Number of protein chains: 2
Amino acid sequence: MVSIKEIASDIGVSAATVSNALTGKGRVSKEMVARIKTRAEELGYRPSTAARALKTGQTGILGLVMPDLTNPLFPRIAQTLSQAAETKGLGILIADSRGSAHEQSEALRRLVGRGVDGLLVVPQRGTTPDPMPVPVVVINTASDPLNAVSADHAGGGALVARHIADIGHRRVVILGGDPVSEVQRDRIAGMQAALRPDMQASVFWGDAGVAQAVAEVQAGATAILTTSDLIALRMRSQLMQAQIAVPEQVSLTGFDDMSFAPIMHPALTTVAQDVDTIAARAIDIITSHIRGETPDTHGQTVPMRLVVRNSTTIPKDQPTRRHLP
Amino acid sequence: MVSIKEIASDIGVSAATVSNALTGKGRVSKEMVARIKTRAEELGYRPSTAARALKTGQTGILGLVMPDLTNPLFPRIAQTLSQAAETKGLGILIADSRGSAHEQSEALRRLVGRGVDGLLVVPQRGTTPDPMPVPVVVINTASDPLNAVSADHAGGGALVARHIADIGHRRVVILGGDPVSEVQRDRIAGMQAALRPDMQASVFWGDAGVAQAVAEVQAGATAILTTSDLIALRMRSQLMQAQIAVPEQVSLTGFDDMSFAPIMHPALTTVAQDVDTIAARAIDIITSHIRGETPDTHGQTVPMRLVVRNSTTIPKDQPTRRHLP
DNA sequence: TTTGGCTGATTAATCGTTAAATCAGGGGGC
DNA sequence: GCCCCCTGATTTAACGATTAATCAGCCAAA
């Protein structure tokens with residue numbers, strides 16, 4: 001490994017001058033800067049992150065903690081986050097909090113122990129991370145709007161509910177996975193707010209809810225709005241066993257546009273998160289905090305996008321009533 | 001942050017002694033070790049990873065490069081790898097190679113630039129990572145058996161093919177996604193090797209293959225063996241459109257036991273990777289290499305496990321012929 | 001000619017930890 | 001009583017980069 005000293009002695013100058021030339025900090029003549037930079041390039045110089053970290057106290061590494069890495073949504077977040085971080089010269093160290101709030105705290109502490117400059121957290125359902133000695137940005141939970149960035153889950157719920165209303169459904173089922181999850185509650189709240197006065201909605205939760213939903217459809221409901229593609233897929237299986245056709249007899253929607261949504265049958269109407277924007281904004285906010293600035297782009301929520309596929313259609317036995325929004 | 005010096009002056013001893021006591025390296029009396037350790041604990045001492053890295057040249061961080069973080073299988077690998085690394089006091093820095101072999105090399109180089117002690121690579125389809133200045137362990141591609149650990153894809157293929165043969169199928173379709181992928185070729189080779197002499201198998205690839213498979217089923221094939229749950233799901237959609245019932249008219253199998261496999265309808269018979277073992281072994285091998293040892297556990301392949309669910313059954317219009325393995 | 005200011009560079013200290021070399025002192029062998 | 005060895009510590013230097021403080025010239029103004 002070639003160090004700053006070698007470049008210095010090679011050119012016949014002091015190490016400090018090389019450092020100044022490379023970082024553009026001190027006072028070095030134009031020509032000298034050029035000479036040093038080209039020579040550094042030639043020798044393939046890479047600054048030692050360890051030495052820099054020791055001296056400056058900054059590692060250039062962010063910690064990423066996710067509730068459960070096996071969540072199918074994780075890859076997209078991790079990927080975009082890692083790419084966004086890359087553009088700012090930051091690396092991402094991962095950890096998962098394996099289901100418990102306690103493990104979440106442990107993971108955060110370990111990452112801090114490793115000297116990360118900041119933390120990105122997708123919190124456990126219903127938890128808020130402890131205060132940490134480094135900046136923290138919370139993703140997908142609108143706790144503290146100053147250092148949180150989240151998809152507009154309520155808005156997404158409204159989008160899909162409005163779609164269902166627009167194509168003529170009047171009696172619907174809303175199916176959530178776990179009422180502890182703030183995200184899911186937000187989505188449902190958004191759905192409910194977007195329903196019209198003449199509509200009727202039953203809200204069910206969890207595995208029991210799947211069975212209840214079948215009954216409700218048999219009693220006349222024509223659409224099922226779920227808070228997750230996974231729940232939608234499970235619902236689809238139950239409907240199949242109950243010999244209820246999708247979308248002919250009942251429309252079905254998911255949430256998150258997971259990998260299998262476009263290739264299941266029928267292709268699932270769902271709501272997609274703008275993961276790129278969320279990631280970019282999270283990185284923006286945390287880098288601002290690290291530099292001690294106030295981020296100009298506060299954690300407003302990021303709009304979601306309705307993806308209409310084949311699992312939703314106009315209700316059977318009912319005239320098409322198309323309302324303008 | 002409390003440093004080694006503070007503990008030293010606090011107790012009235014030199015910094016070197018504290019370091020020796022904490023790492024157990026030099027010569028320190030039992031009592032002194034105890035005093036130092038308890039005092040360090042009290043003060044909440046955390047060694048500076050930066051300083052240690054600078055001095056020893058080791059960061060305690062591994063780089064993980066995956067072909068495409070959006071692959072639904074990634075989370076499980078990342079999670080188990082991160083947990084296995086954790087037990088050895090190592091952190092994991094992620095990067096993805098976004099589809100191209102060139103990006104893969106770039107990602108590797110960036111991680112090396114960050115000073116990782118070793119690299120874990122799940123290579124792009126059909127590529128072999130360049131030589132690197134740190135130890136590299138390749139996952140799921142049996143290139144160099146000394147520093148590679150892989151699921152026994154051929155064995156997995158054999159498992160599922162034998163299952164299909166055992167329950168009486170005689171004319172089958174094998175459906176792969178991309179012939180460039182060594183993993184998929186291995187799986188198919190395993191399937192073919194396990195077929196009986198009196199069986200007949202057609203191999204198709206990609207999106208076109210899905211349509212061909214439908215035709216082949218209509219011509220008399222009673223089972224479709226795919227190399228991925230994603231392909232199986234796509235196949236299922238096509239079969240549905242063609243009004244072919246699974247498993248009544250055709251049995252269907254996947255690969256990898258992805259999140260949706262148990263909840264699709266019918267629940268998918270598939271082959272699961274022992275991700276825990278793969279991850280643990282990968283970490284074992286790489287830590288050995290980092291310590292300069294020869295790993296005792298060479299990269300043998302890790303057996304796969306057949307998961308029988310409802311998508312496979314005895315062929316219709318045919319006597320049940322149950323053979324012993 | 002002296003003083004002051006500016007430029008472009010150098011010195012030296014520092015971050016926290018580790019490792020090799022050194023040292024003080026006690027006990028045992030002869 | 002002398003020498004040697006062993007134990008338990010200490011000194012010292014180093015890892016590579018950054019940064020405050022300093023310094024040598026040089027030019028211009030007084």
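Chain letters run A, B, ... following the sequence lines, proteins first, then strands; residues in each count from 1. Nothing here was measured: the structure is a model prediction, and the numbers come from that model.
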Contact check, side chains of A:T141 and A:T128, non-hydrogen atoms, under 4.5 Å: no
For A:R125, give me all partners under side-chain contact (heavy atoms from CB on, under 4.5 Å), at least two apart in sequence or on another chain. A:D178, A:V180, A:S181, A:Q184
Could you pull out the protein-nucleic contacts involving nucleotides 24-26 of chain D (nitrogen or oxygen on both sides, under 3.5 Å)?
none

Terminal axis angle for the helix from C:dT1-D:dA30 to C:dG29-D:dC2, five pairs an end, nearest 10 degrees: 70°
Would you say the side-chain atoms of A:Q104 pair up with the backbone N or O of A:Q124, donor to acceptor, closer than 3.5 Å? yes
Looking at every strand, decide which applies to B:V13 at a 4.0 Å heavy-atom threshold: base, sugar-phosphate, or nothing. sugar-phosphate
Once you round to the nearest 0.5 Å, how far does CZ of B:R281 lie from OG1 of B:T301? 8.5 Å
Take B:E103 and B:D96, measure what side chain to side chain contact (heavy atoms under 4.5 Å, CB included) needs, and give me the verdict at the end. CA-CA 8 Å; B:E103 263 296 334; B:D96 79 308; over 6 Å; no
Only residue of A:V122, A:L90, A:I92 satisfying side-chain contact (heavy atoms from CB on, under 4.5 Å) with A:L81 is A:I92
If I take atom CG from residue B:L93 and atom OG from residue B:S82, how far apart are they, to the nearest 0.5 angstrom? 12.0 Å
Determine, step by step, whether B:T277 and B:V149 satisfy the side chain to side chain contact (heavy atoms under 4.5 Å, CB included) criterion, reporting the C-alpha distance in whole Å, the side-chain angles of both residues, the deciding distance to 0.1 Å, and the verdict. CA-CA 10 Å; B:T277 302; B:V149 45; over 6 Å; no
Can you tabulate the close N/O pairs, meaning under 3.5 Å, that link protein atoms to atoms of nucleotides 6-8 of chain C?
from, atom 1, to, atom 2, distance (Å)
C:dG8, N7, A:R27, NE, 3.1
C:dG8, O6, A:R27, NH2, 3.0

For the pair made of CG in B:L54 and C1' in D:dA14, what is the distance, rounded to whole Å? 9 Å
Atom pairs under 3.5 Å, N or O on each side, protein against nucleotides 26-28 of chain C: can you list them with distances?
none

Atom CG in A:L54, atom CG in B:L54: separation rounded to 0.5 Å? 5.5 Å
Hey, does the side chain of A:S14 come within less than 4.0 Å of C:dT10's phosphate (OP1/OP2), counting only N and O? yes
Calculate the interatomic distance between B:K5 atom NZ and D:dT11 atom P; express it in whole Å. 13 Å
N-O pairing of B:E42 and B:R39 below 4.0 Å: yes
Working to the nearest 0.5 Å, report the span between CZ of B:R114 and OG1 of B:T59. 11.0 Å
Rounded to the nearest 0.5 Å, how far does CD1 of B:I36 lie from CD1 of B:I7? 8.0 Å
Output yes when a side-chain donor or acceptor of B:N140 lies under 3.5 Å from a complementary backbone atom of B:A151, and no otherwise. yes
Does A:L119 reach the side chain of A:V112, with side-chain heavy atoms less than 4.5 Å apart? yes
Using a cutoff of under 3.5 Å, can you pull out all pairs of nitrogen or oxygen atoms linking the protein to nucleotides 18-20 of chain D, with atom names and distances?
from, atom 1, to, atom 2, distance (Å)
D:dT18, OP1, A:R52, NE, 2.7
D:dT18, OP1, A:R52, NH2, 3.1
D:dT18, OP2, A:S19, OG, 2.9
D:dT18, O2, A:K55, NZ, 3.4

